[in-house]
Structures are given as C-alpha cells and as structure tokens.
Amino acid sequence: MRVLIAEDEPVARRVAQKAVEGFGHEVEIVEDGLAAWRRLQAAPFDVLISDWLMPGLDGLELCRRVRARGNRPYCYVILLTARRAKEDLVAGIMAGADDFVSKPFDHAVLRARLHTAERVTRLERDLEGKVGELQRALEEVKTLRGLLPICMYCKRIHESQDVWRRIESYVSEHSEAAFTHSICPDCYEKEVKPQLDELRGRGRPERDA
Amino acid sequence: MAKATGNDPSRTPVDLAVLRQATSGDRDLMEELAELYLNDADLQLRALDDALENKEYDRIRRIGHSLKGSSSSIGAGAAAEAFKGLEEAGRAQDETAIRAAIARGTAEFERVKKALAELR
C-alpha cells in the first residue's frame with residue numbers, strides 16, 4: 001500500500017517510517033498537517049497515518065478534509081495519539097478516522113492495524129470496480145422515457161423538427177424490443193375482410209390473409 | 001536558573017524496553033533514534049530561554065509538547081513528565097512554573113544523555 005505519515009515529532013516519525021517500510025509498504029513522510037494535505041491532494045494514498053496534534057493543521061481537521069473530498073479512492077485514516085479519553089476517541093471517529101494507534105508505538109499493534117487497512121482498502125477497490133462496471137452497463141441499456149409526440153392518425157412519432165418516424169422504427173432504436181407483424185381481429189374486420197369480399201365479388205381467386 | 005526539583009534519581013532515565021519494542025531490537029535504528037532525539041531536544045531546549053524572554057508562551061507550550069512526545073518515544077519517562085509540566089506551565093502562562101519546569105526538564109535531559117551515551 002501507499003502510506004503517508006504525518007508526524008511533527010522526529011523520533012516518532014522515524015520509528016513509524018521504518019516500521020511501515022519494514023512491513024513492505026511504500027512510505028512518504030511529512031512533518032505537519034498542511035504538508036500532508038497538499039500531498040494528499042497531489043497523489044492518491046491508501047493509508048494516512050497522522051499525529052493528532054501538529055502545527056498548522058491538526059490530525060482531526062486533516063481527517064475531516066480527507067472525508068469531505070469524497071471516498072474515491074478510499075483513504076484509510078489512522079490517528080496516532082496518546083489520548084485515551086472517550087470524548088477524544090469519539091471526536092476522532094466522528095471526524096472520519098478509521099483507527100487509532102497509541103504512542104509510543106507498539107510494532108505488532110501497528111502491523112495489525114495496517115493489516116486491517118489493507119483488507120478495507122481492498123474491499124473499497126473491489127466495490128469501486130463493480131460500480132464502474134455497473135455504470136458502463138447502464139449506459140448501454142436502452143430505455144424509452146418521457147412523453148412521445150405521436151400522430152393521432154398514422155401513429156408516426158415526432159422524433160425531431162422535420163422527422164416523423166414509424167413507431168416500429170422508433171421503438172426498435174430506443175429499446176431492446178423488436179417487432180413481428182400480424183393483424184388484430186378489429187383491423188381484420190375493418191380493413192382486410194372488406195378487401196377479400198370485394199375480390200370474391202369480382203370472381204378472382206381468394207388468397208389467404 | 002531555579003533549583004531543580006521533582007527529579008527522582010532512583011528512576012531509570014531511559015527504559016530501553018520501549019526503544020527495543022519500537023525498533024524490533026534493531027540496534028542500528030536504536031542508535032539512530034537516540035541521536036535524533038538528542039539533537040532535536042538540544043535544539044529545542046536552547047530555544048526556551050529566548051522564548052521565555054520574549055514571553056512566547058505558546059511557543060514554550062509547543063516545545064514542551066514536542067519534547068514530551070519525543071522523550072516518551074525514546075523511553076525517557078521521567079523526562080517526558082518534566083516536559084509535560086513545561087507544556088502545562090506554558091499553557092497557563094505561569095513564568096515561575098515555566099522556569100521550574102525548564103530546570104527540571106534540563107536536569108532530566110542530562111540524565112537521558114548519559115544513559116543514551118552508554119547505548120552507543
């Protein structure tokens with residue numbers, strides 16, 4: 001994963017960097033919240049590990065900004081903190097943090113948290129892929145919508161300024177439907193039968209309708 | 001400078017278990033972190049007299065906060081507590097408390113320096 005570490009304290013910053021690199025992830029480090037925000041806007045990161053209290057922009061506000069910009073692609077946020085009060089944890093979660101790691105770090109705990117981050121970001125990437133497929137499929141689905149202006153006599157559809165299309169042609173183009181032609185009983189009585197009767201009256205051989 | 005108070009000589013200045021846990025026992029990294037801490041703390045402590053003279057209480061608070069964090073990261077618990085006192089004194093803008101906290105923090109830092117020198 002691509003991990004951005006934002007930590008103003010040099011020892012903690014170095015410890016975090018070495019640990020996360022040791023776990024096999026690609027790491028970038030910054031020394032304050034504003035630098036972190038600029039970096040996040042410039043490039044995608046799978047994980048942000050941020051100190052809570054930093055000069056300029058603190059971890060909480062950084063987290064809010066990451067969430068406000070939308071979740072595509074998703075950035076998993078871990079806040080580093082010595083804070084343990086319930087109110088602080090609630091504030092962190094409401095700001096959009098996914099997880100917390102206490103300082104000073106425990107190597108094994110940090111590794112486990114990144115394991116969770118990997119699982120969540122993988123799920124998010126899969127979901128993003130499926131949403132993209134669905135959107136492409138929807139673009140290809142043809143649907144008929146809205147009011148169709150239709151001639152009350154010949155039933156042709158007014159497609160554009162000077163264009164009147166036969167209904168079969170219009171529907172075929174705007175949907176997946178196709179047509180097969182036959183004659184309904186009313187039209188047989190009204191249109192076809194009189195013609196047949198006339199032909200019989202003239203003594204010509206009948207032809208089946 | 002005010003007399004140092006609140007130091008506990010019986011308390012180990014540096015808990016090496018903290019450093020080992022943070023570095024997975026990597027000796028080179030432990031030494032690198034020790035160096036990093038000492039250089040950074042030295043710089044920050046030097047800035048304190050100037051900050052106090054100019055009554056830059058927020059700067060004092062931030063230095064206290066930073067040194068508290070880095071001392072904690074290196075396993076220097078007593079120093080971390082001393083600098084926490086500095087952070088609080090800076091927040092309270094209490095000059096007397098600030099001077100006492102600087103004295104205590106400086107004394108603890110000297111103990112940490114000696115302990116980390118043995119690491120190398």
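Protein chains get the first letters and strands the later ones, always in sequence-line order, with residue 1 at the start of each.
Using a 4.5 Å heavy-atom cut-off against chain B, the contacting residues of residues 13-30 of chain A are A:Arg14, A:Val15, A:Lys18. Contacts between residues 1-11 of chain A and chain B, defined by a heavy-atom separation under 4.5 Å, are made by A:Glu9, A:Pro10, A:Val11. The stretch residues 55-67 of chain B places B:His65, B:Ser66 near chain A, each with some heavy atom under 4.5 Å from a heavy atom of that chain.
The list of side chain to side chain donor-acceptor pair (under 3.5 Å) pairs with a residue in residues 146-159 of chain A, not counting sequence neighbours, reads A:Glu159-A:Arg165.
Of all the heavy atoms in B:Gln21 and A:His107, the pair that sits closest is O-CB, 3.5 Å.
Contact of B:Leu33 with chain A is made through backbone and side chain together, with heavy-atom distances under 4.5 Å.
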